[in-house]
Amino acid sequence: MAALRRSISRFISHSNAKNGAAQLVLSRGITSKLFVKGLSFSTTEKLLTDAFSQFGKVVEVKVIRNKDGTRSKGYGYVTFSAIDEAQNALIDMNGKLLDGRIIYVDSVRPSGVYDTPKVRGPSKSEADG
DNA sequence: GTTGAGCGTT
């Protein structure tokens with residue numbers, strides 16, 4: 001049983017978010033988090049949540065704004081509690097009209113969430129030798 | 001100064 005858990009944890013991991021909401025990460029590049037662009041500048045987190053909740057449990061929503069927090073940059077992130085929820089939302093919401101704009105949904109770009117070890121350059125002793 | 005490609009925080 002421990003072996004089973006070990007093999008599973010090789011493929012499923014959780015990224016830590018501020019509110020403790022975990023982003024599901026399955027294997028390589030498949031996550032429960034979505035990248036949403038083309039948002040109206042008036043689209044808020046609440047509106048995003050309302051629109052995406054029909055596909056599952058939304059655990060985190062973020063609209064990226066400028067420094068002052070005044071102007072939306074027109075894109076954001078939606079994280080679901082499960083990967084299949086995110087997949088369905090992507091398929092269904094991509095190209096849909098939201099708040100008067102056609103929005104585009106994509107999987108989130110890979111970032112250091114994977115279990116791939118970081119590549120190091122040669123150590124100083126190696127470089128000198 | 002208000003405009004339209006894009007991957008940010010904690």
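Below, chain A is the first sequence line, B the second, and so on; all start at residue 1. Both backbone and side-chain heavy atoms feed into the values below; hydrogens, waters and symmetry mates do not.
With rounding to the nearest 0.5 Å, the separation of OG in A:Ser107 from NZ in A:Lys33 is 12.5 Å.
Judged as a ring-ring contact (aromatic ring centres under 6.0 Å, His included), and not counting sequence neighbours, the contacts of A:Tyr77 are A:Phe35.
A heavy-atom distance below 4.5 Å is found between the side chains of A:Met93 and A:Ile103.
Between the side chain of A:Asp99 and the backbone N or O of A:Thr43 there is at least one donor-acceptor pair closer than 3.5 Å. With hydrogens and angles ignored, the 3.5 Å screen pairs a side-chain donor or acceptor of A:Glu45 with a backbone N or O of A:Val63.
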Each nucleotide of nucleotides 4-9 of chain B classed B (base within 4.0 Å of a protein heavy atom), S (only sugar-phosphate) or -, in 5' to 3' order, makes BBBBB-
